4 protein chains.
Amino acid sequence: MSKKKNSRERIVAGARELFAEKGYQATSISEIATTAGLSEGAIYRYFNSKEDLLLACVKPALDDSLDLIKQKDLAVSDLRSFTRLLLEKRLALFHKHYLSYKILFTEAYFNKDLFKMMCETVLSDDRLKAGTEMILGFEEIKRLRNYFTIMLSQVFALWSIHHLRNITGELREYLPEGMSRVSDQDLLDDMTDFILYGITENPPAGSEKDENNGGEA
Amino acid sequence: MSKKKNSRERIVAGARELFAEKGYQATSISEIATTAGLSEGAIYRYFNSKEDLLLACVKPALDDSLDLIKQKDLAVSDLRSFTRLLLEKRLALFHKHYLSYKILFTEAYFNKDLFKMMCETVLSDDRLKAGTEMILGFEEIKRLRNYFTIMLSQVFALWSIHHLRNITGELREYLPEGMSRVSDQDLLDDMTDFILYGITENPPAGSEKDENNGGEA
Amino acid sequence: MSKKKNSRERIVAGARELFAEKGYQATSISEIATTAGLSEGAIYRYFNSKEDLLLACVKPALDDSLDLIKQKDLAVSDLRSFTRLLLEKRLALFHKHYLSYKILFTEAYFNKDLFKMMCETVLSDDRLKAGTEMILGFEEIKRLRNYFTIMLSQVFALWSIHHLRNITGELREYLPEGMSRVSDQDLLDDMTDFILYGITENPPAGSEKDENNGGEA
Amino acid sequence: MSKKKNSRERIVAGARELFAEKGYQATSISEIATTAGLSEGAIYRYFNSKEDLLLACVKPALDDSLDLIKQKDLAVSDLRSFTRLLLEKRLALFHKHYLSYKILFTEAYFNKDLFKMMCETVLSDDRLKAGTEMILGFEEIKRLRNYFTIMLSQVFALWSIHHLRNITGELREYLPEGMSRVSDQDLLDDMTDFILYGITENPPAGSEKDENNGGEA
DNA sequence: CATGAATGAGTGTTCATTCAT
DNA sequence: CATGAATGAACACTCATTCAT
């Protein structure tokens, strides 16, 4: 059983890496098998199809993602902490499941099942309801009209920053001197301030980041 | 000659649509030929390879994109107008070259040549220098540390919003009641305010068209 | 030991059903194993190969078939009884070993070993000699020239009728109203008369149960 | 065009031979391609799938078969001529399309589309209606109850004889001295007499075969 | 006596590309 | 300019068989 589990996990891990690296279509079962140290046929003992394997690669990330907003520790009282915590959790997910999210964001549009899985996780009724309720508790938010859309877009913004930091190497020859390597803590603080106060306003005294020394994933 | 040009353009237009719809790998030359009303062999009279065709599909969008920041009309004096104009130009590009950007954002990571083309356009020395100079002229910006990164991320945020609005149909079954269909003008105003003042601060009197305290979708 | 025999028989029974239903090539060892409630590997404890299993499926039918003409009760004095008895025995075999004959008639031509097994059983010297001797005893037979061929062909005719009766369900949509469901007894009587007197001559008085002038299906 | 047609026909002819020789499942596209002097991929320019090719192999035989009973020359006045002509036509089809019928009789049961094609041809309403009408005109037929079934079964009987004559070589080692090599004319005469009068009755004077010297396929 | 993980050769099928016409 | 037949390598997937346990 341990051997079997080992094989399955080796397959998934290798496939995830390859799918993220070269794309789903450009990755062959044969490559995945070689990476896992198995024969092609062996893959099909664990997965019915290449697509099944794709879904399996991404599932843990979506499961983890689903738990994000349910967690009790999101129930913080002030908007700044709430916003930062949300970003922090999201960034932690991007760290932990970087490859999976890379796969998701590039393949989901072309794969109906993946798209469905992603939507059902990200846009589940429960999540939306819980998120909306939390937000409605904050009076400081002045412009709610597109709050949902804006928050969603900031997730992609955060992803794009995280992703760019990860491919700095590939960008080096195109970027003048390499993008600023900002620490996670600084990035989170900056984004929190940005979301709350934009680029022109100073954060209110006493709300500044110095108080945020909490651990990070 | 006009016939030839005609054929070439029919090929590119059809290929762009197919690449955007189904992805590069999932689109066959045969399909493209059929769409263009030509034979498979005819494609190779205009393009040396499928990849060449891919690059050709995306080139006009990148060329247009390159002109964006060079234009004189970006030389506005106040930060709000500058920011809004930048967003507006960007959104206009997304409108005009929606299919091309869809292709870029999904294929560029997996195609070295496409990636290079995109980087050389988006991250060209000229662009960065010009952009940086403009920004340095505005004293209102309080937190410049990651200004570049943040602005770049907002481009992806804007793209994500635009894209989500375009696939509303596919999302309908996953979203509670359909995402708010905000007009381009409102979207640009909201994003400008968001970037400048965040979600908590009111814009300075007189800088906004409207007071948006309405409910949320 | 009883367990083992049990397993072996379960395998053979399941395989026979699957081979008859889907064909030899289209049936996988894995299916057979599942049907028998065993693992794939277990099959190879009882059979050296899939082909071995195929032969085992069909063997009992051939063994039974071999006994047919040897039996003493075939030694009847009149031709009608002899002919009918032969048909009756044959039909009984088709009933008892329907699946096996289905396999035989569809696979034997493509499988040398199966073909050999079948020929050695059906066309054995003993059988032919015994059959010929019996026939030579009947003076009523006017045209012996191809008696052997004709009798052999009637076996296939009988099989085709029996088989058609078994797949009535699948034929229903193609047949006007469903083929006449004739009882075994009537079928045997009809065929006997047909073989002896054809379709135009009435059987001699007293040699038939009934006068069949009824309509046709 | 002539080249193309040539290829298609070479593929079909080769496939038909291989399917008949080794069975559908046991024949690979690669073999068919080699036989036709083409690459594997080329097959798919002419047929969408292996199954399509199978149907194409068999179609001409079924088309010809469909025409059999429609032909005017079947409108003969006496039962003997009618019966013999039917057998003769059938045997001619078996000669002309021997390989196709071999395929049909071994694969049709396992291939729904083939089965359907065969049934729709053999059991078409028109055929049955036309056949029934013709038969009803003959008063000599004493036992009509299973006339349809019996005639159908005689087709299989005729097939089995024809087939056995074709595989005499393979049977030689199992048969005492080789089966009687009866000419087509004699076979048809014998079978006609058999169907009309069975094995015991002499045909009425003057109806004998000497009058049948007609050409044969 | 039985398992089931693993193999490896094979399957039907697709497709970018070439080239004679 | 354009065709479309042909290639050949690749693909996802299957399966009879083996073997360590």
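It should be emphasised that the depicted structure is a prediction, and the values quoted were computed from it without experimental measurement. Numbered from 1 within each chain, the chains take letters A, B, ... in sequence-line order.
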To the side chain of [X], which of [options] is closest?
| X | options | value |
| --- | --- | --- |
| D:Ala42 | F:dT7, F:dC15, E:dT17 | F:dT7 |
| C:Leu38 | E:dG12, F:dA5, E:dA2 | E:dA2 |
| C:Tyr46 | F:dT7, F:dG4, E:dA2 | E:dA2 |
| C:Tyr44 | F:dA16, F:dA5, E:dT3 | F:dA16 |
| A:Ser39 | E:dA6, E:dA2, F:dA2 | E:dA6 |
| B:Ile29 | F:dA5, F:dA2, E:dT17 | E:dT17 |

Atom [atom1] of [X] to atom [atom2] of [N]: distance rounded to whole Å?
| X | N | atom1 | atom2 | answer |
| --- | --- | --- | --- | --- |
| C:Glu40 | F:dT14 | CD | C1' | 11 Å |
| D:Ile11 | F:dA5 | CD1 | C1' | 11 Å |
| A:Arg8 | E:dG4 | CZ | P | 17 Å |
| A:Asn6 | E:dA6 | CG | C1' | 14 Å |
| B:Ile43 | F:dC1 | CD1 | C1' | 13 Å |
| A:Leu53 | F:dC11 | CG | P | 15 Å |
| D:Gln25 | F:dA16 | CD | C1' | 15 Å |
| B:Glu51 | E:dT17 | CD | P | 9 Å |

* Residue whose closest nucleotide on DNA chain F lies nearer the 5' end, B:Gly37 versus C:Ala26 -> B:Gly37
* Hey, which of these two, D:Gly41 or A:Glu31, hits DNA chain F nearer its 5' end, going by closest nucleotide? -> D:Gly41
* Greater than 12 external heavy atoms within 6.0 Å of C:Lys112's NZ -> yes
* Is it true that atom CD of A:Glu170 has more than 12 heavy atoms of other residues, nucleotides or ligands lying nearer than 6.0 Å? -> yes
* Asked: Cationic tip of C:Lys22 within the cone over D:Phe110's six-membered ring, i.e. under 6.0 Å and within 45° of the normal?
  -> no
* Considering just the side-chain nitrogens and oxygens of A:Arg45, establish if one lies under 4.0 Å of OP1 or OP2 belonging to E:dA5. => yes
* Asked: For E:dA6, does either OP1 or OP2 sit under 4.0 Å from a side-chain N or O belonging to A:Ser7?
  -> yes
* **B:Ser28 or D:Ser49, whichever maps to the more 5' nucleotide of DNA chain E** => D:Ser49
* Considering Watson-Crick and G-U wobble pairs with both distances under 3.5 Å, what does F:dC1 pair with? -> none
* To do: Please determine, for F:dC15, whether a Watson-Crick or G-U wobble partner exists with both distances under 3.5 Å, and give it or none.
  => E:dG8
* Look at D:Lys102 together with D:Glu21 and state whether they make a salt bridge at an N to O cut-off of under 4.0 Å. => no
* Cut-off 3.5 Å, side chains only: do B:Tyr98 and B:His163 have a donor facing an acceptor? -> yes
